[in-house]
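Structure record follows, encoded as structure tokens.
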Amino acid sequence: MQIISIVSGLPPAIDGVGDYALNLARQLRKDFAIETHFIIGNPKWVGAAEIEGFTVSKVGDRSVANLLSLLNGNGQPSTILLHYVCYGYALRGCPFWLINGLQQWRSGSSNRSLVTMFHETYAFGPPWTSAFWLSQVQKNLLARLARLSDRSLTSKQGYGKIIRELSLGKHTQIPAIPVFSTIGEPAQAPPLAERARRLVVFGAAPTRRRVYQRSLAALKRTCQDLLIEEIVDIGPATGLEFSEIDRVPVVVMGEKPVAEISKILSTSVAGFFNYDIDYLAKSTIFAAYCAHRLIPVGTSSSELQEDGLQAGKHYCLADRLTQSLSLAAGQAIADNAYAWYHSHNLSIQAKVFAAQLTDSIPPL
């Protein structure tokens, strides 16, 4: 079986959704012999026409005609897997060309089906931002896509509720599966006592800047509690300059290959993040920390507990601690996070996607 997967980007571009889609395609090929042809919805993407044996096309411009020419010119697979991120396909998050094009393609034959993984829904924001003024337009497009899709999946239970309501009853069962680690899932994850007293700050430049600028006190406390001897910073340049934090040396590594990042995570005791707690299920960085059996440490941003996650059990909030975080207590958190992750790891997710893709073709 071959499918078309529409994505916002693929390597070498830094694109979390693209990394997710590529890892999923690998697993679908390995476990279910499902081949993927990628269509990239970003005309500015630069990369090879083939990645790891997967053929790749990109839109020359974001138009219905261009999309339809690509959809109808690749052996015409009858199933599309769309990885939906509204801002990934339009500057202001309103990809009319994509929804209109898919609607025309879908109506062209009764033997065509669309499976959508909703990585996002629609934006919110204060009145001085474009997100505020375009929120309703994005919501309307999301509703159209939900009703157009034969099957829907998402990474967050809250998103599932939104999609279910907007589909007007079409989708009652929407799998909500937190994202997997795009940095791999090591076969061996040794206990913390066998690892270096190292803390990792990993991710995109803006998220790491927030750690140093907004969570510095919590970061210092975590280093003190866990007797951290080294902080390793991994990712694109933040524009910040420092060589140590509270007398703990900081090693700025920049961008590294996946295998090297995985090795560093597997030999460290903690991974620090500054990320909205409500959205941890869709964070590939949090997933990577959990998959490598580190202590995920962050700071509080809400009281919400969903997607099977609980503060103090699956991650630590350094600004809420009433006593020092010991390595023993951290090990329990790391173990819980690791177990939570492996309830929806890449292999399990590929099985879910395969079922959605193979069962989604409606009868003639």
Side-chain angles (χ1 to χ4, degrees), residues 3-22 24-25 36-47 51 54-74 77 79-107 112-125 129-156 159 162-163 166-167 179 182 204 279 282 284 353:
I3 64 169
I4 289 175
S5 181
I6 300 177
V7 294
S8 51
L10 284 175
I14 297 172
D15 188 303
V17 172
D19 291 341
Y20 177 98
L22 182 58
L24 178 62
T36 299
H37 171 77
F38 287 104
I39 292 179
I40 298 177
N42 179 4
K44 296 181 180 179
W45 178 82
V46 177
I51 298 176
F54 299 109
T55 53
V56 182
S57 304
K58 73 170 179 177
V59 295
D61 60 78
R62 287 171 166 165
S63 68
V64 170
N66 199 298
L67 178 61
L68 289 174
S69 70
L70 293 176
L71 293 177
N72 295 325
N74 287 284
T79 303
I80 289 176
L81 172 58
L82 168 65
H83 290 274
Y84 189 67
V85 278
C86 58
Y87 283 96
Y89 300 108
L91 182 62
R92 299 293 185 184
C94 302
F96 288 97
W97 68 276
L98 177 64
I99 310 303
N100 292 340
L102 288 171
Q103 188 162 24
Q104 288 192 34
W105 176 85
R106 181 68 183 80
S107 62
R112 291 177 175 175
S113 61
L114 173 64
V115 178
T116 302
M117 172 60 177
F118 289 91
H119 292 275
E120 293 177 355
T121 53
Y122 57 93
F124 310 88
T129 66
S130 64
F132 174 85
W133 298 105
L134 294 173
S135 181
Q136 189 59 49
V137 179
Q138 293 179 7
K139 184 177 180 180
N140 292 341
L141 285 171
L142 182 75
R144 284 181 58 195
L145 179 58
R147 296 166 203 164
L148 179 64
S149 301
D150 296 285
R151 308 272 178 161
S152 296
L153 308 93
T154 188
S155 57
K156 180 173 156 49
Y159 287 172
I162 293 171
I163 297 160
L166 293 180
S167 73
V179 299
T182 56
Y279 296 90
K282 65 187 294 290
T284 54
F353 273 92

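What's counted below: heavy atoms across the whole structure, side chains too, no hydrogens, waters or symmetry copies.
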Determine yes or no for a side-chain-to-main-chain donor-acceptor pair under 3.5 angstrom, with H37 supplying the side chain and T55 the backbone. yes
Which atom pair, heavy atoms only, marks the closest approach of L10 to W45? O-NE1, 2.7 Å
Hey, does the side chain of R62 reach the backbone of W97 with a donor-acceptor pair shorter than 3.5 angstrom? no
Test your reading of the model: is there a side-chain donor-acceptor pair from R106 to the backbone of R112, 3.5 Å cut-off? yes
Excluding sequence neighbours, so at least two apart, what forms side-chain contact (heavy atoms from CB on, under 4.5 Å) with A204? P206, T207
Is the backbone N or O of V115 less than 3.5 Å from a side-chain atom of D150, with the two atoms forming a donor-acceptor pair by type? no
Residues forming a side-chain contact (heavy atoms from CB on, under 4.5 Å) with N66, sequence neighbours excluded: V59, D61, S63, S69, L70
Identify, with sequence neighbours excluded, every residue that meets side chain to side chain donor-acceptor pair (under 3.5 Å) alongside S149. T116
Please name all residues satisfying salt bridge (Lys or Arg N to Asp or Glu O under 4.0 Å) with K282, sequence neighbours left out, ordered by chain then number. none
Side chain to side chain contact (heavy atoms under 4.5 Å, CB included) with L81: of I6, T36, I4, L24, only one passes, and it is L24
By side chain to side chain donor-acceptor pair (under 3.5 Å), which residues pair with Y20, not counting sequence neighbours? Q349
Sequence neighbours left out, what passes ring-ring contact (aromatic ring centres under 6.0 Å, His included) with Y279? Give chain and number order. none
Rounded distance [0.5 Å steps], OG1 in T154 versus OH in Y84: 12.5 Å
Set of side-chain contact (heavy atoms from CB on, under 4.5 Å) partners for A143, sequence neighbours left out: R147, L166
With V64 via side-chain contact (heavy atoms from CB on, under 4.5 Å) - residues at least two apart: L68, N100, Q104
Could you work out, with side chain to side chain donor-acceptor pair (under 3.5 Å) as the rule, every residue matching S5, not counting sequence neighbours? none
Can you sort out the partners of Y159 under ring-ring contact (aromatic ring centres under 6.0 Å, His included), two or more places apart, ordered by chain and number? none
Kindly write out the residues that satisfy side chain to side chain donor-acceptor pair (under 3.5 Å) with T284, not counting sequence neighbours, or none if the list is empty. none
